[in-house]
Amino acid sequence: GFHNRQKAAMCAVGAPATVWPPAPSTRKERDCPVWDQLNMLKWLVRSPFRTVEVNPSLRRQIETRDPAGRSYGIFFTPRSGSTWFTDLMTRHGLGQPAELFNPQHMAPFAQDAQAATLADYLRLLPRQRQAGGLFGFKLTYLHVLMTFRSETRFFRAFPDTTWIWLVREDIVAQAISGSRVHQTGIAQLRGAQVDTVTDAAFHYRPSELRRRIKRLRWLETRTEGFFARRGLSPCRLSYERLQQAGETATAKFIASMLKAEPFDTPPEGRFHRVASQKAPEFAARFRDENAAFVERIDAQRASMLAQLQSP
């Protein structure tokens, strides 16, 4: 049936079959580092194209446009600064990267592109959604499996693409950021919006942080495996190094890599970081209480972080 086919597809790209239980019936399955993400599998059977209403005239207009001359893809993990990074690229005229292949977000993009199928989507998006001759998108490894069902299908769709791999060097801070968003419901602040998030709503949950770190490591190892199997050498960036370099230097660095020209005077950023006075305290406490676990995770990530580039 359907689940057996999807299980086979994941096994084909190196993911363990044990991540496909129909329900978390045991403690081990509930604590599976990818269970929270694989709970999104409902999107596999809910086509993002089912609600698209095609306007023949608008579709013909899109079809007559030239596709973007160059494309790039940004692999990321949650809370790695990808929203800030893609907003920067959009404001500097370096494409309009977004989560175009996250099934939860694809429906409005499909409607704008007048795409009724995935094949239409892949053909029309580089025409409808480009800027400065560039077509960009961001995604996680899980999005590859959810939308394309296999690495091979995904790679065939983007054979001549520049790849960027965005991570966060401090994985404990990354997990804490994810926990805060989960508890408060606020990921970023837009424009001049006032920070109404109070630390009173943010609590220390070490077991949740361990699960989040394991989930992040699952995504990191699968993404690294994808690059290795395909013989790809992505531009490796981190949130910390981009923040240290600053917006202008980052934009120039990316523009040079993409052989493009950034805007001289880009508009102001739309998103602002949500600060928490508790986050540093929680990070120090977690590292102290879980020293062996953190040491093991840091050792696993060392070779990946050693390859990072700086703008």
Side-chain angles (χ1 to χ4, degrees), residues 13 67-102 125-126 129-144 148 151 154-171 173-174 216-263 266 269 271 300-311:
V13 296
R70 285 156 292 168
S71 65
Y72 64 87
I74 305 166
F75 273 92
F76 73 101
T77 55
R79 310 307 298 164
S80 62
S82 67
T83 299
W84 172 83
F85 184 52
T86 53
D87 178 56
L88 177 153
M89 296 184 74
T90 299
R91 290 185 293 104
H92 282 264
L94 303 173
Q96 303 178 64
E99 288 185 44
L100 303 178
F101 300 106
N102 181 343
L125 269 182
R129 192 178 177 84
Q130 64 162 302
L134 292 171
F135 170 65
F137 56 90
K138 70 171 185 174
L139 77 171
T140 69
Y141 183 79
L142 189 60
H143 298 158
V144 171
F148 294 88
E151 285 183 6
F154 172 71
F155 191 65
R156 286 175 180 169
F158 300 101
D160 300 312
T161 299
T162 298
W163 299 106
I164 298 171
W165 178 205
L166 178 64
V167 300
R168 191 159 174 174
E169 295 178 53
D170 190 339
I171 197 170
Q174 186 176 2
L216 291 168
R217 279 300 297 149
W218 187 91
L219 287 170
E220 288 179 347
T221 57
R222 266 54 181 190
T223 306
E224 287 287 329
F226 167 72
F227 291 137
R229 285 186 289 275
R230 301 296 166 179
L232 301 173
S233 299
C235 175
R236 297 171 176 271
L237 303 174
S238 76
Y239 169 77
E240 288 87 348
R241 297 191 185 199
L242 295 181
Q243 289 289 310
Q244 184 178 14
E247 181 172 313
T248 300
T250 297
K252 289 182 177 179
F253 176 80
I254 298 298
S256 175
M257 180 182 66
L258 297 174
K259 298 180 175 57
E261 288 293 332
F263 292 160
F271 300 99
Q300 293 171 359
R301 304 179 78 226
S303 61
M304 180 185 74
L305 299 182
Q307 301 178 66
L308 289 174
Q309 301 167 247
S310 298

Exercise. For residues Gly133 and Ala68, report the shortest heavy-atom separation together with the two atoms involved.
Key: O-CB, 3.6 Å
Quiz item: Is there side-chain contact between Ile74 and Phe137, with at least one heavy-atom pair below 4.5 Å?
Solution: no
Exercise. Please round to the nearest 0.5 Å and tell me the distance separating atom OG1 of Thr140 and atom CZ of Phe101.
Key: 12.5 Å
Exercise. Kindly assign one of parallel, tilted or perpendicular to the pair Phe75 and Trp163, based on the angle between their ring planes and the thresholds 30° and 60°.
Key: tilted
Exercise. Give a yes or no answer on whether the side chain of Glu247 reaches the backbone of Leu88 with a donor-acceptor pair at less than 3.5 Å.
Key: no
Quiz item: Hey, does Pro78 have a side-chain heavy atom less than 4.5 Å from the side chain of Leu219?
Solution: yes
Practice problem: Give every residue pair that meets the salt bridge (Lys or Arg N to Asp or Glu O under 4.0 Å) criterion with at least one member in residues 301-311, sequence neighbours excluded. | Solution: Glu220-Arg301
Quiz item: Can you list the steps and then say if Thr223 with Val144 is a side chain to side chain contact (heavy atoms under 4.5 Å, CB included)?
Solution: CA-CA 10 Å; Thr223 306; Val144 171; over 6 Å; no
Practice problem: On the 0 to 90° scale, with breaks at 30° and 60°, tag the Phe155-Phe226 ring pair as parallel, tilted or perpendicular. | Solution: perpendicular
Quiz prompt | Main-chain N/O of Lys252 paired to Ser256 side chain as donor or acceptor, under 3.5 Å | solution = no
Quiz item: Would a 4.5 Å heavy-atom cut-off, applied to side chains only, mark Phe148 and Arg156 as touching?
Solution: no
Quiz item: Roughly how far, to the nearest 0.5 Å, is the CD atom of Glu169 from the CZ atom of Arg241?
Solution: 5.0 Å
Quiz item: Can you name the nearest heavy-atom pair linking Gly95 to Tyr72, along with the distance?
Solution: CA-OH, 3.9 Å
Quiz item: Does the side chain to side chain contact (heavy atoms under 4.5 Å, CB included) test come out yes or no for Leu100 and His143, once each step is laid out?
Solution: CA-CA 9 Å; Leu100 303 178; His143 298 158; over 6 Å; no
Quiz item: Are side-chain heavy atoms of Thr250 and Phe85 found at a separation under 4.5 Å?
Solution: yes
Quiz item: To the nearest 0.5 Å, how far apart are CD1 in Ile254 and CD1 in Ile164?
Solution: 4.5 Å
Self-check item: Residue pair Ser80 / Gln174, side-chain heavy-atom distance below 4.5 Å
Solution: yes
Quiz item: Say you draw a straight line from CG of Leu258 to CZ of Arg70; how long is it, rounded to the nearest 0.5 Å?
Solution: 7.0 Å
Quiz item: What are the two closest heavy atoms between Leu166 and Tyr239, and how far apart are they?
Solution: CD1-N, 3.9 Å
Quiz prompt | Neighbour count above 12 (heavy atom, 6.0 Å) for Gln309 CD | solution = yes
Quiz prompt | Residue Gln307 excluded, over 12 heavy atoms near CD under 6.0 Å | solution = yes
Quiz item: Heavy atoms, side chains only, cut-off 4.5 Å: are Arg168 and Thr77 in contact?
Solution: no
Self-check item: Heavy-atom pair with the smallest gap, counting every atom of Ser82 and Phe76
Solution: OG-CD1, 3.4 Å
Quiz prompt | Considering all heavy atoms, the nearest Ala260-Leu94 contact | solution = CB-CD2, 3.9 Å
Practice problem: Measure the CH2-CG distance between Trp218 and Leu142 for me, rounded to the nearest 0.5 Å. | Solution: 5.5 Å
Quiz prompt | Contact check, side chains of Tyr141 and Phe154, non-hydrogen atoms, under 4.5 Å | solution = no
Quiz item: Shortest non-hydrogen contact from Thr90 to Gln96?
Solution: OG1-CA, 3.7 Å
Quiz item: Is the shortest heavy-atom distance from the side chain of Gln300 to the side chain of Ile171 under 4.5 Å?
Solution: no
Exercise. Salt-bridge test for Arg222 and Glu151: reply yes if a basic N is under 4.0 Å from a carboxylate O, no otherwise.
Key: no
